[in-house]
Amino acid sequence: MNKETLDPIAISEQQFDKANSYMHHLQRGLVDSLKQPRHINIVNFPIELDDGTVKTFRCYRVLHNRVFGPGKGGVRYHPDVTEEEVVSLAKLMTWKCALVNIPFGGAKGAVICNPKELSTNELRRITRRFTSDFFNVIGPHTDILAPDMYTNEQTMAWIYDTYNVLNPGKNNRPVVTGKPIELGGSYGRNEATGQGCLYLTERFFSTGLIPEINEIAGTRVAIQGFGNVGSVAAEAFCRQGAKIIALSDSSGCIYSETGLNLDAVTAFKQEHGCLVGMPGTLTLTNEELIELDCDVLIPAAISNQIHAGNANNVKARLIVEAANNPTTPAADAILQEKGIYVMPDIMANAGGVTVSYYEWVQNQANEQWDIEVVNNKLKKKMHHCFDTVFKRWQAFVVGEEKILDKESGEQMACPDFRTVALVTAIERVANATLVRGIWP
Ligand code: NAD
């Protein structure tokens, strides 16, 4: 394909180093420490499968940073997940929580498994074993879990139940967010990531950065991934008057120039388990979806989907990163050159962790807020997050904030939104570290 690295650690280092080149004031030693995870826990355990055979599963829980509060991050079940990916996602969580100003650090977990080949009972046994083997690592005030790819509120219910059995007599609800409503889940958590993408996008369009588009109504949207985040984003954008012209899952992409009927798509997916084959639609590949002529492209599936090999062919005006790490650094540079704006993952999908935080707060007080309360708070948070990054970005554009290149001494190029968001978040974590005082 091309020579760029797709190694998740290398990519997160490149993004960090780019941001760091705009932060001359950060101490070298502090930078080195912020780049490293605080701890990486790996467990291999055996599970008896339904047919009586035994299989060993490898699991990870990585804590990157706890300067602002307990670690926070999802648990992913995927056959291709690697330690490097989990570490890079844990780091991203640290910056995301700092950017939206919630008192959590960054963490992430994963089980290497293929949920499509496992029964519900097998998934329950894996989840209980994962929770018990990491019992000393996780906790409501140390490291809080949440859903991610191929985990859902059922998975979170098993985590809560297992933790509660092992730690009886306490309010253990805040150990995990994304729980079912009846177990202390928050209204709006399931929808929060997709809904947050909408709030951010409407704020972006209101800036006039794309003169022909100042609202979501009438935009043509393509979404990669039709899981939790992708399906909610599709509905949210559709409700605001956007036309969803393409949707995909791991089976491929369906396309309709006149717009997809989401109720029909959902019913088809439920019946057939995949999108491809939906009557009245054209079948495309996931690669073709990325290059579609549209206004908004929302990657909501896996990482590295927009890379050096296809970034030049992207036609969207705006990319909203619902997924984590969907765009490589080489692609970022190409997109910036082409004038295509990217709302980076650290901002775009922060709605999920924001409402996770609201769930955690509700659980401490044994309260359950109305959906309107949750959504109003989320909207405010996403708008504020966008405004903060946009203001800083504008300061670079108009030259109010001038940073000279360390080597050449020349004025640095205007950073993209990802870099400005990272600068903002890393500065907050670095400042908090120094204010707390480096221990001992
Ligand atoms: P999910 O498991 O519910 O859905 C994943 C979707 O991606 C499915 O439609 C699946 O078919 C599709 N997919 C899988 N492999 C694919 C491939 N090779 N090509 C195209 N599509 C593929 O997961 P989710 O919770 O919707 O998460 C999606 C992304 O959003 C992930 O990157 C995740 O880290 C990120 N994210 C999720 C949340 C959340 O609240 N769930 C929060 C922040 C970020």
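Reckoned from all heavy atoms, side chains included, excluding hydrogens, waters and symmetry mates. All ligand and atom numbering here is 1-based and tracks the order in the structure.
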Item checked: Within the 4.0 Å heavy-atom sphere of ligand 1, strictly under, residues -> R76, D148, M149, Y150, R189, T193, G225, F226, G227, N228, V229, D249, S250, N286, A300, A301, I302, A322, A323, N324, N349

Note to self: Between N121 and R124, do the side chains contain a donor N or O and an acceptor N or O under 3.5 Å apart?
What the structure shows: yes

Margin query: Ring-plane angle category for F386 and F390, please: parallel below 30°, perpendicular beyond 60°, tilted otherwise.
Written below: parallel

Notebook entry, point to check: Is the NZ or CZ atom of K72 both under 6.0 Å from the centre of the six-membered ring of W360 and within 45° of that ring's axis?
Noted result: no

Notebook entry, point to check: Is any NZ, NE, NH1 or NH2 atom of the basic residue among E257 and R220 found under 4.0 Å from an Asp or Glu carboxylate oxygen of the other?
Noted result: yes

Check: Under the 3.5 angstrom rule, does the side chain of H64 hit a backbone N or O of L34 as a donor-acceptor pair?
Finding: yes

Margin query: Does the plane of the ring in F45 sit parallel, tilted or perpendicular to the ring in F57? Use 30° and 60° as the thresholds.
Written below: tilted

